[in-house]
There are 2 protein chains.
Amino acid sequence: MITLVLVESSLSRLPDWARRKDVISNYKKVYGKPYDVLDVNAIPPRMRKMVGEKEGRPDIVHRALLSITDHPLYSMGRISLYMHTVEERIFSFSPSIRPPRNYLRFLGLMAELLREGWVGESRETALIREVDLTLEEIADGSILLDESGEFLNPISFLKSLNEGKFIVGCFPHGEFSEKVERLAKFKLSLHRGTLSSSAAISMLLSYAYYKEVWDP
Amino acid sequence: MITLVLVESSLSRLPDWARRKDVISNYKKVYGKPYDVLDVNAIPPRMRKMVGEKEGRPDIVHRALLSITDHPLYSMGRISLYMHTVEERIFSFSPSIRPPRNYLRFLGLMAELLREGWVGESRETALIREVDLTLEEIADGSILLDESGEFLNPISFLKSLNEGKFIVGCFPHGEFSEKVERLAKFKLSLHRGTLSSSAAISMLLSYAYYKEVWDP
């Protein structure tokens, strides 16, 4: 079983400074209608400096989630998935979720999730739900995927693990917070260079699938 | 070097039946403005039966292209990339392209590509350009990624190849055309089950990267 924790995910509601007519009308122009999700692409250019460096990129979260839920390891029930956001909210995912593939439908779903704390047929059977756990509780002792980590043969590394608990950053720029760094017991690099969140996830899961199916 | 050929990619301009006011106004409602790209999500529901089973899903193409261009093998210059569309147009990609990560910007770029036949600073230095080659010329003798193919250890398989030329379907439903089937000299399955285009690409490229870096 692999536990994946997406950290500092670039997903939040519109902050107070963006709850104004001109921003709403820019969302309509860019995305057809307003969504209560901060997306730097829909913020008028003159106001973009208000968006923090890790904020306003739900597209990164969308792509990361699809890389996970599309992966055969996910449909095989071998992945336990959590998402921690820039605002320190923590969400847990059901094994049966299929996020919308269309970006604007995804924004609609995320607006509902951020507002209600869950999405699905009912709070009890929610596909994604906010959980009352701390990041320490779900991610302490994890392996952090990071360009600056040790560049090791990833399949051999996976074979050496008892438990695979991985942290992947889900933000556009900047370093991991100190809090996240403290949780990691080890830093692993999958490539000597920058990787997007979804590329890092796809590589990790492909190696884990290989280990499970071809090299157990 | 790996040659990747995305085939029957679900990307085309609006067909004549969709060049009407009510469709354009639906595009504005769904995507903020009209794009000259057929996207089933923006077609009014009552007209969706007009969209062929392989048509109208540029989001699949978007995700596939980002899976490729985000991959370290691509930045290492180890991938030669072609896209064949449902309408039998063929495009070649420059090694330095970074497609827009935002879906609507991607639609804008694809509208330009489908209209002009190239995108970039000039036709000569185009990042993507239409080429005057047939599918046979670029993909004959390829390995087709297909659920129904042989399920072999992918890293061993890659090591056994002299030349890696792969065909990946980039459409939502249905079987490969007979024409594509005829070009394949071998069918390889990466998982005993359906895979999205981007998941299949990510698995293939991760194994190819592993072979290159860790098991040459």
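Every chain is numbered from 1, with letters handed out A, B, ... down the list of sequences.
- Among B:G193, B:S198, B:P154, B:A199, the residue making the largest number of heavy-atom pairs under 4.5 Å with chain A is B:P154.
- Only the backbone of A:L190 comes within less than 4.5 Å of a heavy atom in chain B; its side chain stays farther off.
- Taking A:D215, A:L204, A:L66 one by one and counting their heavy-atom pairs under 4.5 Å with chain B, the maximum is reached by A:L66.
- Around atom OH of A:Y82, no more than 12 heavy atoms belonging to other residues, nucleotides or ligands sit under 6.0 Å away.
- Of the atoms belonging to A:D59, it is side-chain heavy atoms, and not backbone ones, that fall under 4.5 Å from chain B.
- When heavy atoms are compared at a cutoff of 4.5 Å, B:I201 does not approach chain A at all.
- Looking at B:K28, its side chain never comes within 3.5 Å of a backbone N or O of A:K29 through a donor-acceptor pair.
- In this pair, A:F106 and A:H62 present their aromatic rings parallel. The plane angle is below 30°, not in the 30 to 60° band.
- Contacts between A:Y27 and chain B at a heavy-atom distance below 4.5 Å are absent for every atom of the residue.
- A salt bridge links A:R78 to A:E212: one of the charged nitrogens lies within less than 4.0 Å of a carboxylate oxygen.
- A salt bridge links B:R101 with B:D70: at least one charged nitrogen is closer than 4.0 Å to a carboxylate oxygen.
- Heavy-atom distances place no part of A:L73 under 4.5 Å from chain B, backbone and side chain included.
- Residue with the most contacts toward chain B among A:H191, A:K33, A:M203: A:H191 (heavy-atom pairs, distance under 4.5 Å).
- Neither the backbone nor the side chain of B:Y74 has a heavy atom closer than 4.5 Å to any heavy atom of chain A.
- Most heavy-atom pairs under 4.5 Å with chain A, from the set B:L205, B:T194, B:L152: that is B:L152.
- Looking at B:R57, the atoms closer than 4.5 Å to chain A (heavy atoms on both sides) all sit in the side chain, from C-beta outward.
- Of the atoms belonging to A:R105, it is side-chain heavy atoms, and not backbone ones, that fall under 4.5 Å from chain B.
- In this structure, no portion of A:S67 lies under 4.5 Å from any heavy atom of chain B.
- Remark: side-chain polar atoms of B:R98 are paired, donor with acceptor, to backbone N or O of B:T69 under 3.5 angstrom.
- Of all the listed residues (B:V213, B:I155, B:L195), the one sharing the greatest number of non-hydrogen pairs under 4.5 Å with chain A is B:I155.
- Residue B:E175 qualifies as open at atom CD: its count of foreign heavy atoms under 6.0 Å is 12 or below.
- Expressed to the nearest 0.5 Å, how far CG of A:D39 lies from CG of A:L107 amounts to 6.0 Å.
- Using a distance-only test at 3.5 Å, with no hydrogens or angles considered, a donor-acceptor pair links the side chain of B:E8 to the main chain of B:S177.
- Other residues, nucleotides and ligands contribute more than 12 heavy atoms inside 6.0 Å of the CD atom of B:E181.
- Here B:Y210 is the residue among B:Y210, B:Y31, B:Y103 with the most heavy-atom pairs under 4.5 Å with chain A.
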